[in-house]
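Order of the sequence lines sets the chain letters (A, B, ...), proteins ahead of strands, with each chain counted from 1.
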Amino acid sequence: MFNKRTRIKDLLANESLSSGVIVMGWVRTFRNNQFIALNDGSTNNNLQVVAELGKFKESILKRITTGAALKVSGEMISSLGKGQKIELKANSIEILGDSDAEKYPLQPKKHSLEFLREIAHLRFRTNTFASVFRVRHTLAFAVHKFFNDKGFVYLHTPIITASDAEGAGEMFHVTNFDLTHPAKNEDGSINYKEDFFGKATNLTVSGQLEGELAAMALADVYTFGPTFRAENSNTARHLAEFWMIEPEMAFYDLEDNANLAEEFIKYIISYALENNKEDLEFLSQRLAEEEKQKPQQERSEMGLIEKLEFVINNNFERLTYTEAVQILKESNHNKKKKFQYLIEEWGVDLQSEHERYLVEKHFKKPVILIDYPKQIKAFYMRQNDDGKTVAAMDILAPGIGEIVGGSQREERLDKLTERMNEMHVSTEELDWYLDTRRFGSVPHAGFGLGFERVVQFVTGMTNIRDVIPFPRTPKSAEF
RNA sequence: UCCUCCUUAGCUCAGUUGGUUAGAGCAUCUGACUGUUAAUCAGAGGGUCCCCCGUUCAAGUCGGGGAGGGGGAGCCA
């Protein structure tokens, strides 16, 4: 058996002095031909390995370079130096993998996030990304734990789909055709009957409609999987491939839905705070240093951990679209024409500058906006009695904007088909979806939450490309 | 897709009005030192100035086009 190693995190936490300890990891720095800062990914804190002078051959010492992988066995002793309490006095050092220092791109210094994005295959070896991806893991685990504890069923919805009527965004085509010679109809159009699935297929943009089908039997379900949008979006909060969480609940109205979403967000944040305190403290410090570079007025008032605790301990502000428009309309910002798009009439969609104003300036906390005008929302949202609005909800978070989009679904067959016809959504193609309204339809609701945006919010990373291991964006699908 | 900024050594950047052999810090290599903490000290090597075209006696520098990247907007999660 090869792996009998002890994790560095455990060694440092226990502070126990013992012999016969084996650690494996990667060299961060090698100082004075004697002191190795070794990291094994379990924590950002390095273990100081001491290679006593004269004890090891020059041929071994030469190979202890930044990035090299080592297996070290020895004795944990109280440190003779000042920077750490304990250290590993090496009895043997085995080079598991060499690292040519002249070619290894990571140096013991600060690198720009843009540069690290270009070497995304190696950026896990930096403290920032190690922390981000440990936190990402914890959040993903917390998602499953939250829903499992509440009796939800984790539903795997298809990644390849033939339904193109969801209107959530541009889709990537999935085909097995030889693109230079696809099968064609007599009129020259592509004949998808000859394609792999016998029809045109795409990568999913949302598992919601399938989620609703399962919710009509299992009552409480959620999805958590990859989602694809072929939008040409070049921003710090959009990806072509991202992970989405979509709970769908029978016997829920809009208020139940908002309550669940708020409880859910608070739960996963507190779970990360409890289980990744060290990483969040590191990221908090990183963010604080980054903030120092900004002009005073652009700096955020709260530190990262402070902000997370604030979100956990305060209720999200809830108001209707109509109330929000009223606030925006009467704001000094609007009167002084500081908005690029001035708020004049009811019914227009809010721009991100308006959302930011509400969240960051007016309420200074997460906001749940409900009851949007029906003409700016999807066909499946439940129509309110006023005839003008639908039971939609968006949750807006400081710094990143829309983090959750959801609604109570239209459960009344006649109302739903009427709306589909108005919006030119094919009732034939979605006949299977309408069956849920034909047989035992019940009030139900759900929401979608972009996982990377949550990771951004919790880690304080400002660019979404830095919270997913290998980001897919327009003109970029490296690794 | 639109607006805007950027691209010079492995990294972060400087480079004057267009003018001889393009610089610094860090990293790397060599040597010294040896309880260091992104060690320190001394020395050395390292360049397709993003690409193409043009203006000019002369282009890292000016003009046009292209590519890549950042920030903002739209679309959204």
Side-chain angles (χ1 to χ4, degrees), chain A residues 27-37 45-54 61-62 65-67 77-84 87 89 99-119 122 126-127 166-170 205-208 226-246 261 294 298 339-341 349-353 355-356 376-378 394-397 400-406 447-457 462-468 473-476 478:
Chain A
V27 176
R28 284 287 174 84
T29 62
F30 184 30
R31 289 184 297 268
N32 235 345
N33 223 16
Q34 203 177 162
F35 304 101
I36 305 162
N45 296 317
N46 300 324
L47 175 70
Q48 170 148 295
V49 174
V50 183
E52 282 178 289
L53 286 173
L61 295 176
K62 283 271 181 216
T65 54
T66 304
I77 57 167
S78 290
S79 180
L80 304 172
K82 277 181 182 164
Q84 56 284 315
E87 62 192 19
K89 190 174 151 188
S99 172
D100 185 341
E102 255 179 291
K103 291 179 184 153
Y104 188 60
L106 291 172
Q107 302 155 17
K109 61 172 268 190
K110 267 217 170 77
H111 290 291
S112 67
L113 295 174
E114 290 83 3
F115 170 67
L116 292 172
R117 229 169 271 154
E118 286 169 21
I119 50 162
L122 296 173
T126 64
N127 284 339
E166 293 165 25
E170 285 294 310
V205 291
S206 164
Q208 182 201 312
T227 310
F228 308 87
R229 304 271 167 97
E231 307 281 348
N232 190 10
S233 300
N234 293 286
T235 80
R237 50 187 191 284
H238 287 88
L239 291 165
E241 175 182 293
F242 64 101
W243 287 67
M244 191 152 64
I245 297 148
E246 294 179 292
K294 291 193 203 164
E298 283 176 35
F339 285 128
Q340 198 182 341
Y341 297 88
D349 208 353
L350 300 180
Q351 306 288 317
S352 54
E353 59 176 342
E355 296 180 348
R356 273 212 310 275
I376 58 170
K377 288 292 181 182
D394 280 3
I395 301 186
L396 312 175
I400 42 177
E402 186 175 342
I403 199 168
V404 165
F447 60 87
L449 172 138
F451 184 57
E452 281 75 17
R453 292 199 180 161
V454 177
V455 182
Q456 270 190 281
F457 185 75
T462 47
N463 194 313
I464 199 164
R465 293 164 196 139
D466 296 328
V467 298
I468 188 166
T473 54
K475 300 279 181 289
S476 174
E478 298 302 310

Asker: Just how far, in rounded Å, is P of B:rG69 from CD of A:Glu114?
Answerer: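 Rounded to whole Å, this separation is 12 Å.
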Asker: With C1' as the reference atom in both, quote the distance from B:rC75 to B:rA58 in angstrom, rounded to an integer.
Answerer: 50 Å
Asker: Among the candidates B:rC11, B:rG71, B:rC29, find the nucleotide nearest to the side-chain atoms of A:His111.
Answerer: B:rC11
Asker: Using atom C1' in both nucleotides, what's the gap between B:rC76 and B:rU37 to the nearest angstrom?
Answerer: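 That atom pair is separated by 47 Å.
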Asker: Does B:rU34 have a Watson-Crick or wobble partner in any strand here, with both distances under 3.5 angstrom, and which is it?
Answerer: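 Pairing partner: none.
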Asker: What's the closest nucleotide to the A:Asp349 side chain, out of B:rC29, B:rC76, B:rU36?
Answerer: B:rC76
Asker: If you only use heavy atoms from C-beta on, which nucleotide in B:rU37, B:rG70, B:rG10 is closest to the side chain of A:Gln84?
Answerer: B:rU37
Asker: Give a yes or no answer on whether the side chain of A:Glu353 reaches the backbone of A:Tyr341 with a donor-acceptor pair at less than 3.5 Å.
Answerer: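 Such a contact is found between A:Glu353 side chain and A:Tyr341 backbone.
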Asker: With C1' as the reference atom in both, quote the distance from B:rU55 to B:rG46 in angstrom, rounded to an integer.
Answerer: 33 Å
Asker: Among B:rA73, B:rU37, B:rU1, which is the nearest nucleotide to the side chain of A:Arg237?
Answerer: B:rA73
Asker: If you look at every strand shown and take non-hydrogen atoms under 4.0 Å, does A:Arg28 touch a base, only sugar-phosphate, or nothing?
Answerer: nothing
Asker: Mind checking the C1' distance from B:rG69 to B:rG54? Whole angstroms is fine.
Answerer: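 Pairwise C1' distance, B:rG69 against B:rG54, rounds to 26 Å.
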Asker: Applying a 3.5 Å limit to both distances, which nucleotide forms a Watson-Crick or G-U wobble pair with B:rC2?
Answerer: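 B:rC2 is paired with B:rG72.
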Asker: What's the closest nucleotide to the A:Gln34 side chain, out of B:rG74, B:rA73, B:rG35?
Answerer: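 From the listed options, B:rG35 comes nearest.
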Asker: Using the C1' atom on both, measure B:rG64 against B:rU12 and round to a whole Å.
Answerer: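 The answer is 31 Å between these two C1' atoms.
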Asker: Hey, is the main chain of A:Ser99 close enough, under 3.5 Å, to the side chain of A:Thr65 for a donor-acceptor pair?
Answerer: yes
Asker: Can you see which heavy atom on A:Glu231 is nearest to which on A:Pro474, and at what distance?
Answerer: O-CG, 4.2 Å
Asker: Name the nucleic acid region contacted by A:Glu87, choosing base, sugar-phosphate or nothing; use a 4.0 angstrom heavy-atom cut-off, strictly under.
Answerer: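 Base contact.
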Asker: Under 4.0 Å from OP1 or OP2 of B:rU36: is there any side-chain N or O of A:Arg31 that close?
Answerer: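 Answer no for this pair, as no side-chain N or O of A:Arg31 is under 4.0 Å from OP1 or OP2.
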Asker: Reading RNA chain B from 5' onward, which residue's closest nucleotide shows up sooner: A:Pro474 or A:Gln340?
Answerer: A:Pro474
Asker: Does B:rG74 have OP1 or OP2 under 4.0 Å away from a side-chain N or O of A:Gln351?
Answerer: yes
Asker: Would you say A:Gln208 and A:Met244 make side-chain contact, with heavy atoms under 4.5 Å?
Answerer: no
Asker: Identify whether any heavy atom of A:Lys475 sits under 4.0 Å from a base atom; if not, whether one sits that close to sugar-phosphate; answer base, sugar-phosphate or nothing.
Answerer: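 It contacts sugar-phosphate atoms only.
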Asker: Can you find a donor-acceptor pair, distance only, under 3.5 Å between A:Asn234 side chain and B:rU1 base?
Answerer: yes
Asker: Between B:rU16 and B:rA22, how far is it from one P atom to the other, in whole Å?
Answerer: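 It comes out at 15 Å once rounded to the nearest Å.
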Asker: Assign A:Thr235 to base, sugar-phosphate, or nothing according to its heavy-atom contacts below 4.0 angstrom with the strands shown.
Answerer: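 The residue A:Thr235 makes base contact.
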Asker: Where the side chain of A:Ser112 is defined as all heavy atoms beyond and including C-beta, which of B:rU28, B:rG35, B:rU12 is the nearest nucleotide?
Answerer: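 That would be B:rU12.
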Asker: Keeping the roles fixed (side chain from A:Ser79, backbone from A:Gly81), state whether a donor-acceptor pair exists under 3.5 Å.
Answerer: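 Present.
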Asker: Between atom CZ in A:Phe30 and atom P in B:rU28, what is the gap in whole Å?
Answerer: 13 Å
Asker: Once you apply a heavy-atom cut-off of 4.0 Å, does A:His238 come out as touching a base, just sugar-phosphate, or nothing?
Answerer: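 Contact class for A:His238: base.
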Asker: Under 4.0 Å between a side-chain N or O of A:Ser352 and OP1 or OP2 of B:rA73?
Answerer: yes
Asker: The side chain of A:Gln48 lies closest to which of these nucleotides: B:rC11, B:rU37, B:rA39?
Answerer: B:rU37
Asker: Is there a side-chain contact between A:Lys89 and A:Leu80, using heavy atoms and a 4.5 Å cut-off?
Answerer: no
Asker: Please work out if A:Ile403 contacts a base, only the sugar-phosphate, or nothing of the nucleic acid, heavy-atom cut-off 4.0 Å.
Answerer: sugar-phosphate
Asker: Would the distance check show the side chain of A:Glu452 and the main-chain N or O of A:Trp243 forming a donor-acceptor pair, the cut-off being under 3.5 Å?
Answerer: yes
Asker: If pairing requires Watson-Crick or G-U wobble contacts with both distances under 3.5 Å, which nucleotide is the partner of B:rG47?
Answerer: none
Asker: Rounding to the closest angstrom, what is the interatomic distance between B:rG15 and B:rU8 at atom C1'?
Answerer: 9 Å
Asker: Which part of the nucleic acid does A:Phe242 contact within heavy-atom distance under 4.0 Å: base, sugar-phosphate only, or nothing?
Answerer: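 Here A:Phe242 touches the bases of the nucleic acid.
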Asker: For B:rG71, does OP1 or OP2 lie under 4.0 Å from any side-chain N or O of A:Asn463?
Answerer: yes
Asker: Nearest whole angstrom, please: distance from the P of B:rG70 to the CD of A:Glu118.
Answerer: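 Rounding to the nearest Å, CD of A:Glu118 and P of B:rG70 are 9 Å apart.
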Asker: If we call it a pair only when both distances are under 3.5 Å in a Watson-Crick or G-U wobble match, what pairs with B:rC26?
Answerer: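 For B:rC26, the partner nucleotide comes out as B:rG10, under the 3.5 Å rule.
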Asker: Ignoring backbone atoms, establish whether A:Asn232 has a side-chain N or O less than 4.0 Å from OP1 or OP2 of B:rU1.
Answerer: yes
Asker: Given the C1' atoms of B:rU21 and B:rC29, what is the spacing between them in whole Å?
Answerer: 24 Å
Asker: Which nucleotide in the set B:rC75, B:rU12, B:rG35 lies at the smallest distance from any side-chain heavy atom of A:Ser233?
Answerer: B:rC75
Asker: Within this structure, what is the CD1-to-C1' distance between A:Ile464 and B:rG69, rounded to whole angstrom?
Answerer: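 To the nearest whole Å, that distance equals 18 Å.
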Asker: Of the nucleotides B:rC11, B:rG35, B:rU12, which one has an atom closest to the side chain of A:Lys109?
Answerer: B:rC11
